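Comments concern the structure below.
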Amino acid sequence: MKSSLIAANRGALIAESALIRTVIVLVGVAFLALFLFMPLVLVFAQALSSGLGAYFAALIEPDAWAALKLTLLVAVISVPLNLIFGLAAAWAIAKFSFPGKSLLITLIDLPFSVSPVIAGLIYVLLFGSRGWLGPWLSAHNIEIVFAIPGIVLATIFVTLPFVARELIPLMEQQGTTDEEAARTLGAGGLKIFFRVTLPNVKWGLLYGVLLCNARAMGEFGAVSVVSGHIRGVTNTMPLHVEILYNEYNFAAAFAVASLLAILALLTLVLKTWLESQGAGNGSNKH
Amino acid sequence: MKIDIRNLHKDYNGSGVPALNGVNLTIEHGELVALLGPSGSGKTTLLRSIAGLESPTSGAILFDGQDALHQDVRDRNVGFVFQHYALFRHMTVLDNVGFGLSVRPRNRRPAASEIDRRARELLALVQLDGLEGRYPSQLSGGQRQRVALARALAIEPSVLLLDEPFGALDAKVRKDLRAWLRDLHDRTGHTTVFVTHDQEEALELADRVAIVNRGQIEQIAPPLALYRSPATPFVYEFLGSVNVLPVDVRDGKAFLDGCPVPLADAAQGTDAGAYRMYVRPHDLRLSEQRTPGSGALGVLQNVRLSGGLVRLDLKLDLIARPIEVELPVSDPRWSDWKKGDKLAIAADRFHLFPQAA
């Protein structure tokens, strides 16, 4: 009864005619289909164009396999580091006031505002053979640029803001009274952090980690500059896709690309789930 | 536990106005004291300083004669109830109440079953048995308030501090909880300090009320004494309504608009000069005839009936705002009085403060 009333009201509130409404909806759907859905389908269609056998062959081919492992390795190193950094930075910014706080906030945003290519170039200028630290590094046999450490560094730089950016507004909004309450009840710093602060931002943290991971695995620009494109050694998956594509090996290129697409879809599903969890948690606020 | 606060100062950087400006206050063991004042008066800063959540710039806080100022919050053993309760939203009611015991160092921490038992006992004390498994979001405001109280009591605090304990509740719940808190205090006997801006709440609930203004205690006294004999103009104006009349004192007599007003014995020795007379509306007397010594003349402007009282507004020549007089409805004379009537004004109880203050 009530819901039908609301539905009737809603009908009355929409003034446009049925025709206009249909056209607007169709335009929206067509746009989504053309720019989002079709490319995604195309990735899989192209990947499977030479048959399932060729698809899996392209994936277990040694260079592709090496690229996959390197991508996972980079993510496994950079995501936890950014989790720790993001959590620490957000905690400091949201719960304390100190000189240089706004500078820190600006610095955290830097990777968002700088082109990833520039980020990569900075590392080349710093650690490359002709860079500032190049002579010292080569004298000590330390390889950074055109090697795995460079790729990890570039990825950490590019993905640095995700966790912190997610947590700062959440923590600021929650304020510090929960922590103060825990202190009056006798809890020490670590217990407050692990039993009060962290559970309060749990869903936001997971959300930030998820986005951070998606970017770490998908990053192209910065990694491309520092990697040196050595097949089977310093190629991550996005770089490997580019190489295969430039070699007109479309089926293989799309096969590897389909893995990245699956990662993106998984990320979206998890993100939606986390958002619903976070919203449920949000309604617990008093 | 007895709390001594001596000459407590707290500066806030930037604003230039100190939050606490020399607070002296002694709270006796088992006492229930209200800190009452307008917003921004420093009452919450004072409460948070007692708890250790603020660090004063100078001064001393003693718990039973022992220095508490240099103790960490964790070691002061205070139960603090926050204005918006600050319950841990991801924990059940039972876990919230047991939190203080469960974070104790291992050697002082009771067994899990003992924590559970104590938490349930406290929930029974605050009449919330049966809600152990709920989350804070599933409780009403009054229930949250009581969970916060049980959580604070769980650590067996030597003093209980409450910041605007009823501020976030609606009027009906507030009244119930007020009576209930008084009862709980009488049963448990905790030294209790609470902050409020609601004078009715403070006067009804507290053994003594401290009036806080501009970072200082203006006066601390039992509710009735506070209302009867306010020590400063601020307390007079903050508690209830008051008329302020300019008077001259000479030869041991006060003159209002040239007419003498009899002074109480205590005021006989008052030095000559200009004073402001503070007098409550119900302490003013009106009479129709201007007999010698009966007082200044006022012109009746308005008669309003309000509950069991009649409120009359009278205009005096020498002050711009009309003064307010309250009579009981049972006084037979007021129904004959009309607008424009001239009435003589005299005061039964009043207080003189120097003009300059």
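Every chain is numbered from 1, with letters handed out A, B, ... down the list of sequences. Keep in mind it's a predicted model, so treat the numbers as computed, not measured.
Under the 4.5 Å side-chain criterion, counting only non-hydrogen atoms from C-beta, B:Arg89 is in contact with A:Asp178. Between B:Arg48 and A:Glu180 there is a side-chain heavy-atom pair separated by less than 4.5 Å. In this structure, A:Thr177 and B:His84 have side chains that are not in contact, with every pair of non-hydrogen atoms separated by 4.5 Å or more.
For A:Phe96, the CZ atom counts as densely surrounded, since its 6.0 Å shell holds more than 12 non-hydrogen atoms of other residues, nucleotides or ligands. More than 12 non-hydrogen atoms from other residues, nucleotides or ligands lie less than 6.0 angstrom from CG of A:Leu103. Within a 6.0 Å radius of CZ in B:Arg182, more than 12 heavy atoms belonging to other residues, nucleotides or ligands are found. Few gaps surround CZ on A:Phe112; more than 12 heavy atoms of other groups in view lie less than 6.0 Å from it. By the neighbour-count criterion of 12 heavy atoms within 6.0 Å, atom NZ of A:Lys191 is densely surrounded, having more than that number from other residues, nucleotides or ligands.
Atom-to-atom distance recorded for A:Leu185:CG and B:Phe80:CZ is 11.5 Å, nearest 0.5 angstrom.
Side-chain contact annotation: A:Arg195 with B:Ser102, donor-acceptor N/O pair under 3.5 Å present.
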I would like to know whether A:Val196 and B:Phe99 meet side chain to side chain contact (heavy atoms under 4.5 Å, CB included); could you show each step before the answer? CA-CA 10 Å; A:Val196 177; B:Phe99 183 86; 3.9 Å; yes

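The two residues B:Arg151 and A:Ala181 have their closest heavy-atom pair at NH2-CB, 3.4 Å.
Only the side chain of B:Asp72 comes within less than 4.5 Å of a heavy atom of chain A; its backbone N, CA, C and O stay farther away.
Each of B:Val103, B:Ile155, B:Leu139 has some count of heavy-atom pairs under 4.5 Å with chain A, and the biggest count is that of B:Val103.
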